[in-house]
J.: 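This is the structure I have questions about; it appears just below.
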Amino acid sequence: MVNQITGDRNAALSAEDLAALRENLHEQLLFRREQLQQLTVAALPRAEALPDRRAAGRIEVRVKLAASARMVLADVEAALARMDDGDFGTCRLCRRTIDRDRLMIVPQARYCARCQQVKEARR
């Protein structure tokens, strides 16, 4: 599909694309919620057996995995909210359209590829 305004093949999202992206994001949402639940439940009994160094290491890994899962979950929830608000696919920095190909790979993307690179270079 070619965007009528820019002529860019990657800029436009069809209704089918949006439906597929919404389904993908919903699956990610369910997966991350389940992952967090499993990590939380698995960490509770181990916290009582803390004296073992290996147990402490396992707890640290679970805490880091849970933090990462919470970050991705927040990104997924934000992407679904942008879909509901009609703001999905717009870069949060430059306000340009995020390429279709990028969204198909990273549906929760907040930034276009160019702005993402700039943000990462500043780290």
J.: Can you name the closest pair of heavy atoms from Ala109 and Ile98 and give their distance?
T.: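 Taking every non-hydrogen atom into account, O-CD1, 3.7 Å.
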J.: Sequence neighbours excluded, which residues qualify as salt bridge (charged side-chain N to carboxylate O under 4.0 Å, His left out) partners of Glu16?
T.: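 Expected list: none.
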J.: Using 0.5 Å steps for rounding, measure from the CG atom of Leu65 to the CZ atom of Arg62.
T.: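 Atom-to-atom, Leu65:CG and Arg62:CZ are 8.0 Å apart.
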J.: I need the Gln28 CD to Leu21 CG distance, nearest 0.5 Å.
T.: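 Going from CD on Gln28 over to CG on Leu21, the span is 10.0 Å.
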J.: In this structure, would Leu103 and Val72 fall into the same cluster of hydrophobic residues linked by side-chain contacts under 4.5 Å?
T.: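 The answer is yes; both residues are in one hydrophobic cluster.
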J.: Only counting residues at least two apart or in another chain, list the ones meeting side chain to side chain donor-acceptor pair (under 3.5 Å) with Arg82.
T.: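 Partners of Arg82 under the side chain to side chain donor-acceptor pair (under 3.5 Å) test: none.
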J.: Only counting residues at least two apart or in another chain, list the ones meeting side-chain contact (heavy atoms from CB on, under 4.5 Å) with Leu18.
T.: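 Leu13, Met83, Phe88.
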J.: With salt bridge (charged side-chain N to carboxylate O under 4.0 Å, His left out) as the rule and sequence neighbours excluded, what pairs involving residues 106-123 come up?
T.: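 Output for this query lists Asp75-Arg110.
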J.: Applying a strict under-4.5 Å side-chain criterion to I, L, V, M, F, W and Y, I'd like to know whether Val61 and Leu39 cluster together.
T.: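 Cluster IDs for Val61 and Leu39 match.
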J.: I'd like to check the side chain to side chain donor-acceptor pair (under 3.5 Å) partners of Asp17; sequence neighbours left out, ordered by chain and number.
T.: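 Per chain and number, Asp17 pairs via side chain to side chain donor-acceptor pair (under 3.5 Å) with Ser14, Arg100.
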J.: Could you give all pairs that pass the salt bridge (charged side-chain N to carboxylate O under 4.0 Å, His left out) test and reach residues 29-38, with sequence neighbours left out?
T.: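 Listed by first then second residue: Arg33-Glu77.
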J.: If hydrophobic residues (ILVMFWY) are linked whenever their side-chain heavy atoms come closer than 4.5 Å, directly or via other members, who joins Ile105 in its cluster?
T.: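 Other cluster members: Val106.
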J.: Could you tell me the separation between the CD atom of Gln38 and the CD atom of Gln35, rounded to the nearest 0.5 Å?
T.: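 Here the interatomic distance stands at 8.0 Å.
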J.: Going only through I, L, V, M, F, W and Y residues with side-chain contacts under 4.5 Å, is there a path from Leu29 to Met104?
T.: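 Yes; tracing contacts between hydrophobic side chains, which count when under 4.5 Å, links both residues.
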J.: What pair of heavy atoms forms the shortest contact from Ala79 to Pro107, and how long is it?
T.: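 Distance-wise, the nearest heavy atoms are CB-O, 4.0 Å.
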J.: Kindly state each residue pair satisfying salt bridge (charged side-chain N to carboxylate O under 4.0 Å, His left out) with at least one member in residues 83-98, sequence neighbours excluded.
T.: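 Counting only pairs at least two positions apart or across chains, the salt bridge (charged side-chain N to carboxylate O under 4.0 Å, His left out) contacts touching residues 83-98 are Arg22-Asp84, Asp87-Arg92, Asp87-Arg95.
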J.: Output the distance between atom NZ (Lys64) and atom CD1 (Ile59), rounded to the nearest 0.5 Å.
T.: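 Going from NZ on Lys64 over to CD1 on Ile59, the span is 13.5 Å.
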